[in-house]
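Since the structure comes first, as structure tokens, the remarks are kept for the end.
Every chain is numbered from 1, with letters handed out A, B, ... down the list of sequences. Just so you know, these numbers come straight off a predicted model, no measurement behind them.
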Protein chains: 2
Amino acid sequence: MEGQVEGEPLTRVVAVADDLFFTHGVHAVTMQRIRSEAGVPLKKLYGMFPSKDALLAACLERRDRIARSALAARAEQHDDPVARTLSVFDFLDDWFHQPGFRGCVFAGAFGEAGAAAPVVVTAVQAHKQSVRELLTGLVADVGIREADAVGAQLAVLFDGAMALATFTGDTGAARHARQAARAVLEAGLRG
Amino acid sequence: MEGQVEGEPLTRVVAVADDLFFTHGVHAVTMQRIRSEAGVPLKKLYGMFPSKDALLAACLERRDRIARSALAARAEQHDDPVARTLSVFDFLDDWFHQPGFRGCVFAGAFGEAGAAAPVVVTAVQAHKQSVRELLTGLVADVGIREADAVGAQLAVLFDGAMALATFTGDTGAARHARQAARAVLEAGLRG
DNA sequence: GCACCAAGAGAACGGCCATTCTCCCGAGCG
DNA sequence: CGCTCGGGAGAATGGCCGTTCTCTTGGTGC
């Protein structure tokens, strides 16, 4: 009631760790610090998650759920199928312009944990896969026959915008991706 | 005359380090190992580069030069401006299918070195910027008026294909990016 | 032949951090 | 009131690696 994070210890730990990882980078955040900010003894922390990597994987799964529901909610606000599809890039645009934007967690986690943490690699791949399926679903609703191919193209645009925004800080990437997505959709409708 | 890498010590060190960083990841490669494989004493190594980060930055600059000249050479093989522009994605396709493909060095370096190494961030940004300029130049040759905007869209596709290939191993990303690029160019020519 | 110098090879230092261990306190029960 | 036991806080452990330091060795000029 007086702190910032409430709820069951496990939920709280993941929320706190996610926030720290996202803000400062995985490598820069120590288990000690997570322990302090979550108010959980180290022993209990290691009782919940066998390793830092496992905790990171749990954070990534949480992010995946949150991102997908946010994307879906954004799409729900539109009736026109094309507008629904393009709303995905509006979501990116808003996200990039949020004050604390630090880039895609998945890209960062992949780079830092690297090939040494298979559990992280799996989480990243699952996320990218789920985003691609979401996009393909939206494209199918537009009435495009080759929904798989066009969905994959939108996925490339989605990740490209995130990569550019992450690496160069170019927040205009979302707008460029949106414009390209429009061209891709029109080509899909025509062909 | 009998080793694998020749040339001036500095050139050799960068080539060896680049190869190791690229193959095993920046974090996994120690200075000791670079020393061993380059056949250079540690003291001399630190005489050439004040820190590991500086050496990494030199490797990234080298990659930037190599990548740009490879892209330009590939484009030179075509006469039609549209084909020249799309050849960029053929280059990606070939690269993704090379046996030792491990993803984009710049993405990996950015994730691993992170915000802690400004010199790396700078190198990554310079590279992304130079690629974008290269693409914008190709688009301008096609005769599209809004070359800047379309070039930026192609840059999104370029980085998106690399990000997907790096994170998920989806080598088809280059093909999807190419198809999307065609749609973007057609829209640019029409509008 | 001998003293000096340069440079190479690797040992040593310092610091960081995931993970484990130990001690201590407070609550609950007899 | 005293005893035990669970759990919390943080100290120790073990290992890694960037960076620096030292010693050795081989060559050269007198």
Side-chain angles (χ1 to χ4, degrees), chain A residues 3 5-14 16-18 20-60 108-109 111-121 123, chain B residues 2-3 5-14 16-60 108-109 111-121 123:
Chain A
V5 196
E6 292 298 318
E8 286 298 305
L10 196 142
T11 308
R12 189 176 64 235
V13 164
V14 173
V16 166
D18 178 295
L20 288 172
F21 285 156
F22 182 56
T23 307
H24 303 93
V26 176
H27 194 63
V29 173
T30 69
M31 292 297 268
Q32 300 283 350
R33 182 153 183 202
I34 295 169
R35 181 206 79 94
S36 298
E37 307 229 352
V40 169
L42 222 44
K43 194 195 275 182
K44 185 164 239 175
L45 221 176
Y46 277 95
M48 295 171 175
F49 302 97
S51 70
K52 192 182 182 182
D53 287 342
L55 173 54
L56 173 57
C59 293
L60 293 179
E112 291 197 49
V119 71
V120 170
V121 174
Chain B
E2 88 274 358
V5 195
E6 292 299 320
E8 286 299 304
L10 196 142
T11 308
R12 188 175 66 236
V13 164
V14 173
V16 166
D18 179 295
D19 184 49
L20 288 172
F21 285 156
F22 182 56
T23 307
H24 302 93
V26 176
H27 193 64
V29 173
T30 68
M31 292 297 267
Q32 299 284 350
R33 183 154 182 201
I34 294 168
R35 181 206 80 94
S36 298
E37 308 228 352
V40 168
L42 224 42
K43 194 195 276 184
K44 186 165 239 175
L45 222 175
Y46 278 95
M48 296 172 175
F49 303 96
S51 69
K52 192 182 183 183
D53 286 341
L55 172 55
L56 173 57
C59 293
L60 293 179
E112 290 196 49
V119 70
V120 170
V121 174

dist B:Arg33:CZ -> B:His24:NE2 (nearest 0.5 Å) comes out at 4.5 Å
Minimum side-chain heavy-atom gap B:Leu10-B:Phe49 below 4.5 Å
yes
Using a 4.5 Å cut-off on heavy atoms from C-beta on, say whether the side chain of A:Leu55 contacts that of A:Leu45.
yes
To the nearest 10 degrees, the angle between the two end axes of the helix from C:dG1-D:dC30 to C:dG30-D:dC1 (five pairs per end) comes to 30°
What does the B/S/- profile of nucleotides 13-27 of chain D look like, 5' to 3', with a 4.0 Å heavy-atom cutoff to protein?
----SSBB-B-----
Starting from P on C:dA9, measure out to CZ on B:Arg35 and report it in whole angstrom.
6 Å
Would a 4.5 Å heavy-atom cut-off, applied to side chains only, mark B:Val40 and B:Arg12 as touching?
yes
Take the protein atom CG of B:Leu45 and the nucleotide atom C1' of C:dA9, then report the distance between them rounded to whole Å.
13 Å
Write down the atom of A:Val119, the atom of A:Asp53, and the distance for their closest heavy-atom approach.
CG1-O, 3.9 Å
Would a 4.5 Å heavy-atom cut-off, applied to side chains only, mark B:Lys52 and B:Phe21 as touching?
yes
Check whether any side-chain heavy atom of B:Met48 sits under 4.5 Å from a side-chain heavy atom of B:Lys44, and report yes or no.
yes
Nearest non-hydrogen partners of A:Ala38 and A:Val13, listed with the distance:
CB-CG2, 4.1 Å
Tell me: CZ of A:Arg33 to P of C:dA18, nearest whole Å?
12 Å
